[in-house]
Amino acid sequence: MITANIHPHIWLVLCCCSLHVSAQYQPDNDFGQSHPDRYTIVYRPLSRDIPLQDDYPIPEKTPTRLFYIQHSNNHNTYVYDARMKGRSIDREDPVDAYRIVYTEGGVKKPLNIAQRKMAYGMVTDYVSPDFFALHLAASKKLEFYLTLDRHGKPKVYTTVKNRKIYLDRMFVKLKDKTAGLHIKADWILFEGKDFHTAEKVSIKIVPED
């Protein structure tokens, strides 16, 4: 498990920095592009059955929704939408990251400074038109790619358990519901659709001890 003396809002730093990851090159030929200097992150999976979070709210869908993050301490949700300029992804500011605070009635708020700088903020790296490498402020190890799909819709993809998926949601199961220090994470769930078949995918991974 992960243990650290930090403010509870920064639990994501612990989760991401402690993941067992390996890097392997996978050309992005699906988009007519190849980036030999880019690597796709592969995560160690957990083979147990995946529990559901049926009582969790689903954020209202936006036309440019990429994915969102939830965790087991409460229902507050961290949301990522693409910013567009016409039919293209905004090169200068491609991702709009914000939170929906369900503990305050579902109000939409910007990330606070600590969340933006140390946990949920999205760091973007322009690669080519409509193609970006992304990672959360919590860790460079957890890398995503933002691009347009064949229908011109913005999508984020990554590779989990050697399976390339369009990401819809991440859920982090914390060790307990304490709101103080010594936050522990048991596992992280990735939900989305298979990159090639659009089949629904749920893959759970565990941080290293």
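In this chain, residues are counted from 1 in sequence order.
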Visitor: Compare every heavy atom of Val127 with every heavy atom of Ala133, then report the nearest pair and how far apart it is.
Guide: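 The pair with the smallest heavy-atom distance is N-CG2, 3.9 Å.
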Visitor: To the nearest 0.5 Å, what is the distance between CE on Met118 and OG on Ser139?
Guide: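 The CE atom of Met118 sits 12.5 Å away from the OG atom of Ser139.
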Visitor: On the 0 to 90° scale, with breaks at 30° and 60°, tag the Tyr80-Phe67 ring pair as parallel, tilted or perpendicular.
Guide: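 Answer is parallel, since the angle falls under 30°.
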Visitor: Do Phe144 and Val156 make a side-chain contact, defined as non-hydrogen atoms from C-beta onward lying under 4.5 Å apart?
Guide: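 Heavy-atom side-chain distance check passes, below 4.5 Å.
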Visitor: Are Arg99 and Glu104 within salt-bridge range, i.e. N to O under 4.0 Å?
Guide: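 Salt bridge between Arg99 and Glu104, a charged N being under 4.0 Å from a carboxylate O: no.
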Visitor: Report yes if the side chains of Ser72 and Val172 come closer than 4.5 Å at any heavy-atom pair, otherwise no.
Guide: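 No - every pair of side-chain heavy atoms lies 4.5 Å or more apart.
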Visitor: Should Leu136 and Ile69 count as side-chain neighbours, where that means a heavy-atom distance under 4.5 Å?
Guide: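 Answer yes - side chains close enough.
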Visitor: Under 6.0 Å from the ring centre and within 45 degrees of the ring axis: does the NZ or CZ of Lys108 meet both conditions for the six-membered ring of Tyr98?
Guide: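 Yes, a cation-pi geometry holds between Lys108 and Tyr98.
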Visitor: Please give me the minimum heavy-atom distance between His71 and Leu174, naming the atom from each residue.
Guide: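 So the two residues come closest at ND1-CD1, 4.0 Å.
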Visitor: What distance separates Lys153 NZ from Thr147 OG1, expressed to the nearest 0.5 Å?
Guide: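 The NZ atom of Lys153 sits 14.5 Å away from the OG1 atom of Thr147.
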Visitor: Are any non-hydrogen side-chain atoms of His75 and Thr77 less than 4.5 angstrom apart?
Guide: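 A side-chain contact is absent here, since even the closest heavy-atom pair is not under 4.5 Å.
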Visitor: Give the ring-plane orientation class for Tyr120 versus Tyr78, where under 30° counts as parallel, over 60° as perpendicular and anything between as tilted.
Guide: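 The arrangement is parallel - the two ring planes meet at less than 30°.
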Visitor: Short question: side chain of Thr158, backbone of Ile165 - any donor-acceptor pair under 3.5 Å?
Guide: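 Checked: no pair found.
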Visitor: Working to the nearest 0.5 Å, report the span between CD of Gln70 and CG of Leu189.
Guide: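 That separation rounds to 10.5 Å.
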Visitor: Is it true that Phe132 and Tyr145 have ring centroids separated by less than 6.0 Å?
Guide: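 When the ring centroids of Phe132 and Tyr145 are compared, they turn out to be at least 6.0 Å apart.
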Visitor: Using the side-chain hydrogen bond (donor to acceptor under 3.5 Å, both in side chains) rule, take Thr103 and Asn74 through it: C-alpha gap first, then chi angles, then the decisive distance, then the call.
Guide: CA-CA 8 Å; Thr103 54; Asn74 55 52; 5.6 Å; no
Visitor: Salt bridge check: are Asp194 and Lys164 linked by an N-O gap of less than 4.0 Å?
Guide: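 No, this pair does not count.
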Visitor: Could you check whether Tyr56 and Phe171 have their ring centres less than 6.0 Å apart?
Guide: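 They qualify: ring centres under 6.0 Å apart.
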Visitor: Is there a side-chain contact between Asp186 and Val206 (heavy atoms, below 4.5 Å)?
Guide: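 No. Closest side-chain heavy atoms not under 4.5 Å.
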Visitor: Please tell me whether Asp81 and Thr64 have a donor and an acceptor in their side chains that are separated by less than 3.5 angstrom.
Guide: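 Note: Asp81 and Thr64 side chains miss the donor-acceptor criterion.
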Visitor: If you take all heavy atoms of His151 and Asp149, which pair is closest and at what distance?
Guide: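 Nearest heavy atoms, His151 then Asp149: N-OD1, 2.8 Å.
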Visitor: Hey, what do you get for CE (Met122) to CZ (Arg116), rounding to the nearest 0.5 Å?
Guide: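 CZ of Arg116 is found 14.0 Å from CE of Met122.
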Visitor: Which heavy-atom pair separates Pro94 from Ile89 by the least distance, and what is that distance?
Guide: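 For Pro94 and Ile89, the tightest heavy-atom pair comes out as CB-CG2, 3.6 Å.
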Visitor: I'd like to check Ile100 versus Tyr68 (side-chain heavy atoms, cut-off strictly below 4.5 Å). Are they in contact?
Guide: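 Ile100 vs Tyr68: side chains apart.
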Visitor: How are the rings of Tyr157 and Phe131 set relative to one another: parallel (under 30°), tilted (30 to 60°) or perpendicular (over 60°)?
Guide: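 Geometry flag for Phe131 against Tyr157: tilted rings.
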Visitor: For residues Tyr126 and Val123: do they belong to one hydrophobic cluster (side chain heavy atoms under 4.5 Å, members Ile, Leu, Val, Met, Phe, Trp, Tyr)?
Guide: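 No, Tyr126 and Val123 fall in different hydrophobic clusters.
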Visitor: Say whether Leu111 and Tyr102 are linked into one hydrophobic cluster, either directly or through other cluster members, by side-chain heavy-atom distances under 4.5 angstrom.
Guide: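 Different hydrophobic clusters.
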Visitor: For the NE2 atom of His196 and the CZ atom of Arg163, what is their distance to the nearest 0.5 Å?
Guide: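 The distance works out to 10.0 Å.
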Visitor: Please give me the minimum heavy-atom distance between Pro59 and Pro57, naming the atom from each residue.
Guide: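 Heavy atoms of Pro59 and Pro57 come nearest at CD-O, 3.8 Å.
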Visitor: Only one of Lys61, Lys155, Arg65, Lys193 passes salt bridge (charged side-chain N to carboxylate O under 4.0 Å, His left out) with Asp168; say which it is.
Guide: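 So the option named by the test is Lys193.
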Visitor: Taking the side chain as C-beta and beyond, is there a heavy-atom pair between Met170 and Ile188 under 4.5 Å?
Guide: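 Counting from C-beta outward, Met170 and Ile188 do come under 4.5 Å.
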Visitor: Run the side-chain contact (heavy atoms from CB on, under 4.5 Å) check on Met84 and Leu148 step by step: do they pass?
Guide: CA-CA 11 Å; Met84 305 293 291; Leu148 299 178; 4.1 Å; yes
Visitor: If you define the side chain from C-beta out and look only at heavy atoms, does anything of His135 sit under 4.5 Å from Leu142?
Guide: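 Answer no - side chains too far apart.
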Visitor: So, taking the atom named CG in Leu146 and the one named CG in Asp125, what distance separates them when rounded to the nearest 0.5 Å?
Guide: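 If I round to the nearest 0.5 Å, the distance is 11.5 Å.
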Visitor: Give a yes or no on whether Val79 and Val101 share a hydrophobic cluster (residues Ile, Leu, Val, Met, Phe, Trp, Tyr; joining criterion: side-chain heavy atoms under 4.5 Å apart).
Guide: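 Result: no, two separate clusters.
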